[in-house]
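All of these numbers come straight from a predicted model, not from anything done at the bench. Values below: all heavy atoms of this structure, side chains included; hydrogens, waters and symmetry mates excluded. In this chain, residues are counted from 1 in sequence order.
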Amino acid sequence: MRYGLVGSTGRMGQEIQKAFVDHTLCLTVNYEGSWSDGGKPDVIMDFSNPSCLPETVRLCREHGAALVIGTTGLKDSDFEMLRELARQVAVVQSYNFSIGINALKIILANYSKFFEDWDLEIVEIHHNKKKDAPSGTAIMLQNATGRPCPMHSLRIGGVPGDHNVIFSNEGEVLSFNHRAISRSVFAYGALRAAEFAATAKPGLYSFEEVLQCSLKKS
Ligand SMILES: NC(=O)C1=CN([C@@H]2O[C@H](COP(=O)(O)OP(=O)(O)OC[C@H]3O[C@@H](n4cnc5c(N)ncnc54)[C@H](OP(=O)(O)O)[C@@H]3O)[C@@H](O)[C@H]2O)C=CC1
Ligand SMILES: O=C(O)C1=N[C@H](C(=O)O)C[C@H](O)C1
């Protein structure tokens, strides 16, 4: 697979390059500028900043490349841009490319109804270089529960990403905790999404759908 990488100098950009060692990096975009080997990428990975999205979408259109986007902090107008691009190419968008968080999303979507009258709060902890709060994952998990709730963000040390979804009533506490031990989990998930997107029909896919497709095949 030939891939482009928007945000190649960043923490995730570096992890993606390690996970994609058997594939060819042919295009990069960073704050400093862009580079290309002159050929077409099959897929473009974007782990950068929402302000890069117009350029990412332009590059996908120019090359007919699929898109895998993990960048957080997207606005409604950004999602509109992704839906428009997805008429032409496959787009996989997720605020979290770990298997655990996507399994938790399915659990919450199915079982939150049992706790409709319980209190619900989400606590997320990330490294002190993270720019956005609450995390994209916290927003995604809140959406999966089907109701708004208070979200709390800690920015300390080098934590790759912890999420805790806590339900409680007078007599019980039920909490779901996910901890990414290494940032590499996101990069391996993104690789799985890229392999899917490179051959998928145009459309906007979640990572959960990518995982469900591979379960159906096995
Ligand atoms: N979906 C998921 O599973 C995950 C998503 N993320 C998300 O990925 C994104 C990146 O995270 P992380 O790698 O930690 O961040 P970093 O700050 O380490 O990296 C950001 C990258 O984007 C580039 N960049 C930023 N702004 C611009 C711009 N205006 N134009 C061009 N390039 C730009 C930077 O370039 P330069 O170095 O030149 O400044 C850098 O390469 C975040 O939104 C984060 O939340 C992170 C982990 C997992
Ligand atoms: O910026 C990060 O590091 C992470 N960002 C994503 C988010 O905002 O949810 C995913 C992961 O938790 C790491």
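Between Glu195 and Arg192, no side-chain nitrogen of the basic residue sits less than 4.0 Å from a carboxylate oxygen of the acidic one, so the salt-bridge criterion is not met. A salt bridge is absent between Glu15 and Arg183: the closest approach of a Lys/Arg side-chain nitrogen to an acidic carboxylate oxygen does not fall below 4.0 angstrom. The pair Arg83-Glu80 counts as a salt bridge, with a side-chain nitrogen and a carboxylate oxygen less than 4.0 angstrom apart.
Note: the hydrophobic cluster containing Met12 also contains Val68 (ILVMFWY, side chain heavy atoms under 4.5 Å, direct or indirect links).
Side-chain contact between His63 and Arg2 is absent, with no heavy atoms from C-beta onward closer than 4.5 Å.
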Give the table of side-chain donor-acceptor pairs shorter than 3.5 Å for residues 117-125, with sequence neighbours excluded, one pair per line with atom names and distance.
unit_1: Glu121; atom_1: OE1; unit_2: His152; atom_2: NE2; d: 2.5
unit_1: Glu124; atom_1: OE1; unit_2: His126; atom_2: ND1; d: 2.7
unit_1: Glu124; atom_1: OE1; unit_2: Arg155; atom_2: NH1; d: 2.7
unit_1: Glu124; atom_1: OE1; unit_2: Arg155; atom_2: NH2; d: 3.3
unit_1: Glu124; atom_1: OE2; unit_2: Ser135; atom_2: N; d: 2.8
unit_1: Glu124; atom_1: OE2; unit_2: Ser153; atom_2: OG; d: 2.8
unit_1: Glu124; atom_1: OE2; unit_2: Arg155; atom_2: NH2; d: 2.8

Using distance only, find each side-chain donor-acceptor pair of residues 17-24 under 3.5 Å and give its atom names and separation, not counting sequence neighbours.
unit_1: Gln17; atom_1: NE2; unit_2: Ser8; atom_2: O; d: 3.0
unit_1: Gln17; atom_1: NE2; unit_2: Gly13; atom_2: O; d: 3.4
unit_1: His23; atom_1: ND1; unit_2: Met1; atom_2: N; d: 3.3

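Under the side chain to side chain contact (heavy atoms under 4.5 Å, CB included) criterion, Pro202 pairs with no residue, sequence neighbours left out. For the side-chain hydrogen bond (donor to acceptor under 3.5 Å, both in side chains) test, no residue two or more places apart in sequence or in another chain qualifies with Gln14. When the ring-ring contact (aromatic ring centres under 6.0 Å, His included) test is applied to Tyr188, no partner is found at least two apart in sequence or on another chain.
The stretch residues 138-147 participates, sequence neighbours left out, in no side chain to side chain donor-acceptor pair (under 3.5 Å) pair at all.
A ring pair (Phe, Tyr, Trp, His ring centres under 6.0 Å) with Phe207 holds for exactly one of Tyr95, Phe97, Phe196; it is Phe97.
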For this session: Go through the steps for Asn49 and Ser51 under the test side chain to side chain donor-acceptor pair (under 3.5 Å), then give the verdict.
Result: CA-CA 5 Å; Asn49 182 281; Ser51 62; 2.7 Å; yes
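Between the side chain of Asn102 and the main chain of Asn96, a donor-acceptor pair closer than 3.5 Å is present.
Other residues, nucleotides and ligands place more than 12 heavy atoms under 6.0 Å from the CZ atom of Phe79.
Side-chain contact, Ser48 with Asp46: a donor N or O sits under 3.5 Å from an acceptor N or O.
One finds the SG atom of Cys26 at 7.5 Å from the CG atom of Asp42 (value rounded to the nearest 0.5 Å).
Minimum heavy-atom separation, Thr72 to Pro50: O-CG, 3.3 Å.
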